[in-house]
A.B. asks: 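Before we start, here is the structure in question, set down as structure tokens.
Fair warning: this is a prediction, and the values are worked out from it, not measured in the lab.
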Amino acid sequence: MKKLSLLIIKEPLIRKRIFKTALPAMMEMILYMLIGVVDIAIVGRLGAVPLAAVALGAQIFFGLVLLLESLGIGAAILVAQAKGAGKRLEVSRVAGQSFMLAVVVGIAAAVLGLWLAEPFVGLFAVEAEVERLALLYIHIVFSILPVALTLYIINSVYRGLGRTDIPMTIAFVVNIVNCAANYILVYGMGPIPALGVAGSALASSLAHVVGLVMACWYFFGGRGGLKVKFRLSERLNWPIIQNIFRLGLPSMGEQFFLTVSGLVSVFLIVFLGTTAYASHEVALAVESLSIMPGFGVAIAATALVGQAVGARDRLAVQKMARGSLELAILLMGFLGVVFFCFPQAIARIFTNDPVLITLAGSLVRIAAFEQLTIALSMTLAGILKGAGDTRTPLYVTTLATWAFRIPIMYLLIKVLELSIAWIWVVFVIDWLLRSLVFIIVYQRKRWLYRALGAELEAG
């Protein structure tokens with residue numbers, strides 16, 4: 001019998017590089033996700049209606065921010081490959097242009113979002129009070145959208161450098177501000193009145209402003225191995241912008257279909273009633289935390305594979321890819337076991353409503369079965385992106401979303417009128433199909449030939 005051999009165990013140097021990059025990235029992703037989780041956990045004590053309103057408003061806001069932040073993938077890939085090739089000036093140029101692009105796109109998106117907020121929220125079949133409170137939340141947080149987008153783009157640049165510790169530090173401070181401000185502004189304290197949903201939105205906004213101030217202190221202060229002069233970001237350099245868009249637009253398309261999938265899912269799930277929707281959002285918050293290790297390892301894979309590609313080191317590319325996969329499978333496999341064994345205890349963290357705890361707990365147990373396939377899908381996508389292939393993740397996401405997930409959800413909800421539990425079974429099958437496609441693409445190694453064709457032929 002062949003002995004199982006894990007690269008991250010038998011090769012200390014590979015393990016150290018992957019852990020040094022992946023663990024801070026994981027913590028960063030968990031910390032940023034906690035912004036939404038804290039909002040839901042604190043507002044959830046006010047009842048199902050405020051909970052549903054904040055969940056809907058946050059999903060729209062963060063969905064748009066994450067969509068636009070996907071351009072940062074292009075910046076991260078260019079920064080990683082330039083660093084691997086030893087081109088320090090190119091790293092600074094890409095960083096400066098990314099900053100300017102984030103400011104311009106963020107302002108345009110904020111203006112458009114505020115203009116379209118009311119008709120867009122009106123598309124969702126929610127109760128009148130849920131719609132009113134969701135719009136209140138959106139009008140507050142959209143005013144700082146340029147701040148949030150610029151913060152996340154700066155984080156993307158540092159991830160490409162492999163300095164994931166810097167975004168993690170910023171995220172830690174952002175969470176302290178968000179947690180404290182949420183508690184004070186939502187429930188009230190001393191002379192400060194209880195603001196409810198508005199307080200939650202104000203807390204998230206304040207936290208992002210503090211985060212951007214801190215990020216700029218690193219970015220323009222020559223800290224973290226990056227020295228960006230303001231003149232490198234005061235006017236657009238079209239060749240660099242074009243390269244950012246060339247690599248970033250497929251990732252934006254991928255995120256677009258993920259965002260639209262989430263919004264269409266909400267549109268369909270609200271037909272099941274407020275209780276089913278609130279339970280879904282609690283389970284989604286739990287799932288969102290669980291996939292953060294997958295996100296973190298995928299970020300590390302993109303950075304480390306990208307740096308190895310820039311250095312034209314075929315062996316390093318393969319080792320970083322394999323080690324990243326091993327780490328993701330171990331971490332998310334463990335979370336799957338926890339979800340299966342303690343679903344209601346986990347759901348109880350987010351709500352004290354007995355009905356929601358029971359229903360959301362059953363959804364968390366179903367989510368246990370998707371953890372390994374999420375780990376595979378996210379990490380393999382990160383590996384491909386590091387090698388410069390941002391199109392394959394787009395194609396896989398598009399196919400899974402529109403050829404499977406959305407049509408089957410419509411069938412189960414509108415035609416068969418089944419419960420929310422069946423929708424989560426669809427999610428499990430969806431991730432399984434995605435992981436199988438990614439495994440096939442990875443095993444064929446065409447992505448590796450495109451990134452290092454000459455070296456592979458010479459080898």
Side-chain angles (χ1 to χ4, degrees), residues 32-33 35-36 38-40 42-43 49-72 98-156 174 177-178 181-182 185-186 195-213 215-216 236 248-249 252-253 255-267 270 281:
Y32 275 118
M33 185 55 62
I35 293 175
V38 166
D39 291 352
I40 290 175
I42 290 180
V43 175
V49 169
L51 171 63
V54 169
L56 178 58
Q59 185 159 5
I60 293 171
F61 173 71
F62 286 105
L64 180 58
V65 172
L66 289 174
L67 171 64
L68 298 175
E69 187 213 359
S70 299
L71 286 174
S98 301
F99 179 88
M100 177 56 71
L101 185 62
V103 172
V104 173
V105 172
I107 292 173
V111 172
L112 188 63
L114 288 169
W115 180 43
L116 296 176
E118 188 168 349
F120 187 76
V121 173
L123 294 174
F124 296 89
V126 295
E127 298 173 9
E129 184 63 8
V130 172
E131 180 178 344
R132 184 187 71 82
L133 291 174
L135 280 171
L136 175 62
Y137 183 94
I138 288 171
H139 283 146
I140 294 172
V141 294
F142 262 66
S143 64
I144 56 94
L145 193 149
V147 171
L149 180 60
T150 304
L151 169 61
Y152 295 151
I153 291 292
I154 291 176
N155 287 342
S156 293
V174 167
V177 174
N178 185 64
N182 246 290
L185 296 177
V186 171
L195 299 177
V197 169
S200 179
L202 288 169
S204 293
S205 300
L206 176 62
H208 279 92
V209 170
V210 172
L212 180 60
V213 171
C216 288
L236 296 178
L249 279 178
M252 179 179 281
Q255 187 61 47
F256 171 77
F257 287 114
L258 285 172
T259 301
V260 171
S261 171
L263 293 174
V264 173
S265 296
V266 170
F267 178 80
V270 292
E281 286 298 332

A.B. asks: Taking atom CD1 of Ile144 and atom NE2 of His208, what is their separation to the nearest 0.5 Å?
C.D. replies: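 Answer for the CD1-NE2 pair, Ile144 versus His208, is 5.5 Å.
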A.B. asks: Check Val43, Val186, Val49, Leu136 against Val54 for a side-chain contact (heavy atoms from CB on, under 4.5 Å) and give me the one that passes.
C.D. replies: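 It is Val43; the other options fail the test.
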A.B. asks: Kindly compute the distance separating CG (Leu202) from CG (Leu195), expressed to the nearest 0.5 Å.
C.D. replies: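 The CG atom of Leu195 is 6.5 Å from CG of Leu202, to the nearest 0.5 Å.
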A.B. asks: Mind listing the closest non-hydrogen atom pair of Leu114 and Ile138 along with its distance?
C.D. replies: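 Residues Leu114 and Ile138, closest heavy atoms: CD2-O, 4.4 Å.
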A.B. asks: Please report the closest heavy-atom contact between Pro146 and Ala110, naming both atoms and the distance.
C.D. replies: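 Closest approach of Pro146 to Ala110: CD-CB, 3.8 Å.
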A.B. asks: Do Leu51 and Glu281 touch side chain to side chain, with heavy atoms closer than 4.5 Å?
C.D. replies: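 The answer is no; the side chains never approach within 4.5 Å.
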A.B. asks: Could you state the interatomic distance from CZ (Phe256) to CG (Leu64), rounded to the nearest 0.5 Å?
C.D. replies: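 Between atom CZ of Phe256 and atom CG of Leu64 there are 11.0 Å.
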A.B. asks: Determine yes or no for a side-chain-to-main-chain donor-acceptor pair under 3.5 angstrom, with Ser70 supplying the side chain and Leu67 the backbone.
C.D. replies: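 A pair under 3.5 Å: yes.
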A.B. asks: Check step by step if side-chain contact (heavy atoms from CB on, under 4.5 Å) holds for Leu68 and Leu145.
C.D. replies: CA-CA 10 Å; Leu68 298 175; Leu145 193 149; 4.2 Å; yes
A.B. asks: Residues two or more places apart in sequence or in another chain: which of them pass side chain to side chain contact (heavy atoms under 4.5 Å, CB included) with Glu118?
C.D. replies: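 For Glu118 the side chain to side chain contact (heavy atoms under 4.5 Å, CB included) partners, ignoring immediate neighbours, are Leu135.
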A.B. asks: Quick check: closest heavy atoms across Ile154 and Cys216, and the distance to 0.1 Å?
C.D. replies: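 Minimum heavy-atom separation between Ile154 and Cys216: CD1-SG, 4.4 Å.
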A.B. asks: Counting only N and O atoms by type, is there a donor-acceptor contact under 3.5 Å from the side chain of Asn182 to the main-chain atoms of Asn178?
C.D. replies: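 At least one qualifying donor-acceptor pair exists.
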A.B. asks: With a 3.5 Å distance limit and no angle check, can you tell me whether Ser200 reaches the backbone of Gly196 through a side-chain donor-acceptor pair?
C.D. replies: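 Checking the backbone N and O of Gly196 against the side chain of Ser200, no donor-acceptor pair under 3.5 Å is found.
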A.B. asks: For the residue pair Pro50 and Leu133, what are the closest heavy atoms and their distance?
C.D. replies: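 For Pro50 versus Leu133, the nearest heavy atoms are CA-CD1, 4.3 Å.
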A.B. asks: With sequence neighbours excluded, what pairs up with Asn155 under the side chain to side chain donor-acceptor pair (under 3.5 Å) test?
C.D. replies: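 Only Tyr32 meet the side chain to side chain donor-acceptor pair (under 3.5 Å) criterion with Asn155.
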A.B. asks: Return the minimal non-hydrogen interatomic distance between Gly211 and Leu151, and the atom names on each side.
C.D. replies: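 Minimum heavy-atom separation between Gly211 and Leu151: O-CD1, 3.5 Å.
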A.B. asks: Could you work out, with ring-ring contact (aromatic ring centres under 6.0 Å, His included) as the rule, every residue matching Phe61, not counting sequence neighbours?
C.D. replies: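 Phe61: ring-ring contact (aromatic ring centres under 6.0 Å, His included) contacts with Phe142.
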A.B. asks: So how far is it from Leu112 CG to Trp115 CH2, rounded to the nearest 0.5 Å?
C.D. replies: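 Result: 7.0 Å between the selected atoms.
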A.B. asks: How many angstroms lie between CG in Leu56 and CD1 in Ile60, if you round to the nearest 0.5 Å?
C.D. replies: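 With rounding to 0.5 Å, CG (Leu56) is 4.0 Å from CD1 (Ile60).
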A.B. asks: Please find the pair of heavy atoms, one from Ala201 and one from Tyr137, that lie closest to each other, and give the distance.
C.D. replies: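 Heavy-atom minimum between the residues: CB-CD1, 3.6 Å.
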